[in-house]
Amino acid sequence: MKISRPRGTRDFLPEDTRRRRNVENILRKVVRNWGFSEIITPTFEALELFTLKSGDGIIGELYNFTDKGNRAMTLRPELTAPVMRMYVNEMQANQRPLKLFYFENCFRYERPQKGRFREFWQFGVELIGSNKIDADAEVIALASEMLKAVGIKGSLHVNHLGIIRHLLSVLKTEQQSRIMRLVDKKDDTGLVDYLEEIDAPGHLRLELMELISLTGSEAIEKARQLTGDIPELEEYQELLTLLEAYGVDYIIDFGIARGLDYYTGMVFEIYAEGLGAQNQVCGGGSYQLIKLFGGGDVASTGFGLGFDRIMEICDIEPDDDKPVVIIAMDSTRIEAVETATKLRFHMPVYLDLMKRSFKAQLSYADHIGAHYALIIGESEVEAGKVTLKNMDSGKQELLTIEEVIQKMNC
RNA sequence: GCCGGGGUAGGGUAGCGGUUAUCCUGUAGCCCUGUGGAGGCUACGAUCCGAGUUCGAUUCUCGGUCCCGGCCCCA
């Protein structure tokens with residue numbers, strides 16, 4: 001009986017895994033250098049954690065189940081909620097800001113397509129405890145730096161929701177969120193229809209439609225003409241100034257809304273090319289979720305990077321790990337094992353496990369792309385040395401094990 | 001949940017009603033029991049699943065499933 005892999009999941013072969021781990025570690029290094037600490041949360045959580053955040057509607061998109069104690073559980077579909085839950089459970093007394101990051105797999109019951117899987121990996125950052133624009137700026141700059149570190153050019157779109165919210169403040173809360181969702185989807189006709197439906201004031205319609213179309217260097221000034229001098233606009237300007245100091249290229253985009261109610265101010269998204277319909281590689285903003293999970297009124301800002309999408313367009317290759325292949329005769333197998341054991345403290349070593357002929361062992365070394373073969377035959381054993389053969393040049397020399405270690409630069 | 005395009009050895013493919021199901025690559029071994037990469041030889045290995053049409057289906061029809069892309073959704 002042949003069992004196939006579950007839909008939307010992937011097997012990562014040795015080469016894929018090496019590439020992924022490599023990129024993953026590059027990202028980790030960057031984030032650590034920005035002063036963030038890695039955390040791990042459970043692979044499954046109480047279902048309520050996510051319905052509380054996103055509504056019952058998401059259950060259809062979850063890998064949820066009832067456990068043997070009749071508890072409603074789910075594999076995590078994302079990590080922001082778990083991290084906030086962890087904060088509320090364990091870290092409320094910690095000094096702020098808390099700078100946390102994670103790299104974990106998530107699960108969503110969705111139709112797979114390019115850059116979208118049922119099991120996927122998210123690399124995310126959450127900065128908890130600061131509601132200052134400085135925190136927002138640092139988080140955006142970090143996202144931008146991470147992508148740069150793995151050689152991805154993306155376009156970064158930033159917005160400050162305070163401005164659109166100011167404009168909409170005359171409307172009811174639920175009308176506001178409906179509008180935000182339509183803006184997020186870039187559904188202009190839907191938006192016009194809805195404004196008509198709720199009979200929004202004419203000037204508001206015009207101002208809103210103009211605001212969300214604003215982008216580019218003049219955008220702030222144009223927005224000011226629409227809203228007048230408001231603190232949110234000041235703050236936005238301050239954010240942009242900081243981003244320039246960080247050396248981040250950004251695009252002002254009043255059309256970024258992120259569709260969800262818990263975003264409070266700054267929001268951003270990064271798009272990359274070569275990904276088809278799913279071209280967003282990063283999204284984030286400042287939000288208020290901690291209160292929802294029973295904690296205090298603590299602001300956070302963070303983002304998630306779609307690691308699989310990054311891998312799709314990232315062409316960074318890991319360094320060769322210079323393996324050495326030991327080639328022995330049947331009569332020198334014991335010495336070969338002993339030598340391998342010593343060398344394995346210093347380098348990757350292959351030993352023949354197939355009882356192959358001398359020639360076939362050498363051929364194997366060639367096939368796996370080894371740069372060095374180490375010949376241990378009877379004459380080498382007699383001399384108490386080994387023959388190191390350079391597979392590229394074909395040259396070989398008789399050396400002691402210590403000399404081999406030194407020569408291999410370990 | 002919906003729409004489109006696809007499933008032939010491990011990978012890449014040809015055949016499109018009757019073939020020992022093609023070729024390349026791969027893997028194991030031999031030619032060649034202390035020197036690899038080339039070549040030759042041998043072996044291994046496939047029609048996604050199930051129904052239907054037919055004397056006969058890899059080929060045609062339907063259903064399922066999986067893959068690819070898109071819609072919806074995107075926390």
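In what follows, chains are A, B, ... by sequence order, proteins preceding strands, each numbered from 1.
- Only the C1' atoms considered, B/G45 is 4 Å distant from B/A9, to the nearest whole Å.
- Among B/G70, B/C74, B/A75, the nucleotide with an atom closest to any side-chain atom of A/Tyr263 is B/A75.
- At a cut-off of 3.5 angstrom, the base of B/C74 holds at least one donor-acceptor pair with the side chain of A/Arg116.
- Phosphate contact (OP1/OP2 of B/U35, side-chain N/O of A/Lys359, threshold under 4.0 Å): absent.
- The cationic group of A/Arg309 does not satisfy the cation-pi geometry with A/Trp121, failing either the under 6.0 Å distance to the six-membered ring centre or the 45° limit from the ring axis.
- Atom CG of A/Asp184 is separated from atom C1' of B/A75 by 11 Å (rounded to the nearest Å).
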Considering only distance and modelled atom types, tabulate donor-acceptor pairs under 3.5 Å from the side chains of residues 139-156 of chain A, sequence neighbours left out.
none

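- Between B/C67, B/G36, B/C71, one nucleotide has an atom nearer to the side chain of A/Gln278 than all others, and that is B/C71.
- In this structure, A/Tyr263 has no ring pair (Phe, Tyr, Trp, His ring centres under 6.0 Å) partners at least two apart in sequence or on a different chain.
- Counting distance only, with no hydrogens placed and no angle test, the side-chain atoms of A/Gln396 and the base atoms of B/U35 include a donor-acceptor pair under 3.5 Å.
- Between A/Gln113 and B/C71 there is a side-chain polar atom (N or O) within less than 4.0 angstrom of OP1 or OP2.
- One can find a donor-acceptor pair under 3.5 Å joining the base of B/G34 and the side-chain atoms of A/Ser379.
- Partner A/His160 forms a side chain to side chain donor-acceptor pair (under 3.5 Å) with one of A/Glu235, A/His166, A/Glu232 and no other, that one being A/Glu235.
- A/Ala365 comes within 4.0 angstrom of no nucleic acid atom, judged by non-hydrogen atoms across all strands.
- Across all strands, A/Arg10 comes closer than 4.0 Å to no nucleic acid atom at all (heavy-atom distances).
- Residue A/Arg356 places at least one side-chain N or O closer than 4.0 Å to OP1 or OP2 of B/G29.
- Residue A/Ile327 is classed as having no contact, given no heavy-atom separation below 4.0 Å to the nucleic acid.
- Side-chain proximity of A/Ala277 to B/G37, B/G70, B/A75: nearest is B/G70.
- Aromatic pair A/His157/A/Tyr271: ring centres closer than 6.0 Å.
- Phosphate proximity of B/C74 to A/Arg108: absent, as no side-chain N or O sits under 4.0 Å from OP1 or OP2.
- Residue A/Lys185 has a polar side-chain atom (N or O) positioned under 4.0 Å from OP1 or OP2 of B/C73.
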Polar-atom pairs under 3.5 Å, protein N or O versus N or O of nucleotides 1-7 of chain B: list them with distances, or write none.
from : atom 1 : to       : atom 2 : distance (Å)
B/C2 : N4     : A/Arg111 : NE     : 3.0

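- To the nearest angstrom, C1' of B/U35 lies 11 Å from CD of A/Glu380.
- For the C1' atom pair drawn from B/C60 and B/A43, the interatomic distance equals 37 Å after rounding to whole Å.
- A cation-pi arrangement is absent between A/Arg76 and A/Phe107, since the terminal nitrogen or guanidinium carbon is not both under 6.0 Å from the aromatic centre and inside a 45° cone about the axis.
- In this structure, B/U53 forms no base pair with any nucleotide, since neither Watson-Crick nor G-U wobble geometry is met with both distances under 3.5 Å.
- Within the cation-pi definition used here (under 6.0 Å to the ring centroid, within 45° of the axis), A/Arg10 qualifies as a partner of A/Phe117.
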